[in-house]
Amino acid sequence: MTSAQPAAIHVLNGPNLNLLGEREPQIYGHETLADVETLCRAEAGSLPLVFRQTNNEHEMVDWVQAARRGQIGIVMNPAAFTYAGYPILDALKMVDCPVIEVHISNIHRREAEWRSKSIMTQVVTGIISGLGVAGYGLAVRDLARRWALKA
Ligand code: CA2
């Protein structure tokens, strides 16, 4: 996507989130990624929304680059890329839209300390962590509000 493409909200999901709802429901809940997409589209209303998931870092970099100019914003759950996805971090530095980092769980309240150390937080506009999949909806709502304020 280039700047000639219509502005959209990009909801980008990292590795293993395609399996959401299949395991660890006590941490991640019972909703599937399809449920998350439905939630995001309901929150976006008439605004275009691109919803994607990948297990490949290069693909995530390509999607961030594609959203670098003139887009409404990015909602990203980087999943395990959160901790070592430096190519994604560099790509995020180049975008001109707001970026909301979303984690379903509270990454600061997990069993392993490394889960709290997001490398993405330093470049994103805001972070929502620990509100379950509802965090995605709140992030989409925030991006829509910012877009309306620009109009
Ligand atoms: O809480 C989040 O949303 C996470 O970003 C999820 C990541 C995890 O590595 C982060 O620490 C926190 C991915 C978890 C693994 O994917 C799952 C897939 C299916 C069911 C449960 C987890």
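In listed order, ligands and their atoms are each counted from 1. The chain is numbered in sequence order, starting from 1.
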Donor-acceptor pair, Q53 side chain versus G14 backbone, under 3.5 Å?
yes
Using only atom types and a distance under 3.5 Å, with no angle test, would you say the side chain of Y83 pairs donor to acceptor with the backbone of R115?
yes
With respect to G21, determine whether any N or O atom, backbone or side chain, lies less than 3.5 Å from an N or O atom of ligand 1.
no
For ligand 1, is any non-hydrogen atom under 4.0 Å from N77's backbone (N, CA, C, O), its side chain (CB onward), both, or neither?
side chain
Between the CZ atom in R141 and the SG atom in C40, the distance rounded to the nearest 0.5 Å is 12.0 Å
Backbone N/O of G70 and side chain of D96: donor-acceptor pair under 3.5 Å
yes
Got an N/O contact under 3.5 Å between H103 and ligand 1?
yes
From the candidates S105, S129, G130, the one that places a heavy atom nearest atom 12 (C) of ligand 1:
S105
Whether E22 lies under 4.0 Å from ligand 1, heavy atom
no
Going by the side-chain contact (heavy atoms from CB on, under 4.5 Å) test, name the single residue among L92, I127, V75 that passes it with V99.
L92
Sub-3.5 Å N/O-N/O distance, E24 and ligand 1
no
Please state which protein non-hydrogen atom is closest to atom 2 (C) of ligand 1 and give its distance, to 0.1 Å?
I104 N, 3.3 Å
Atom 7 (C) of ligand 1 has as its nearest protein heavy atom A79 CA, 3.6 Å
Is it true that a side-chain atom of Q122 and a backbone atom of I119 form a donor plus acceptor pair closer than 3.5 Å?
yes
So which heavy atom in the protein is nearest atom 14 (C) of ligand 1, and how far is it from that ligand atom?
Y28 OH, 3.4 Å
Among protein heavy atoms, which lies nearest atom 9 (O) of ligand 1, and at what distance?
R115 NH1, 3.0 Å
Backbone N/O of Y28 and side chain of S105: donor-acceptor pair under 3.5 Å
no
Any non-hydrogen atom of T82 lying under 4.0 Å from ligand 1?
no
Residue, atom and distance of the protein heavy atom nearest atom 10 (C) of ligand 1 read Y83 OH, 3.4 Å
Counting heavy atoms only, which part of R23 comes closer than 4.0 Å to ligand 1: side chain, backbone, both or neither?
both
Quick one: CD1 on I9 to CZ on R41, what's the gap to the nearest 0.5 Å?
10.0 Å
Test log, rule side chain to side chain donor-acceptor pair (under 3.5 Å), inputs Y136 and N13
CA-CA 11 Å; Y136 283 86; N13 294 280; 2.6 Å; yes
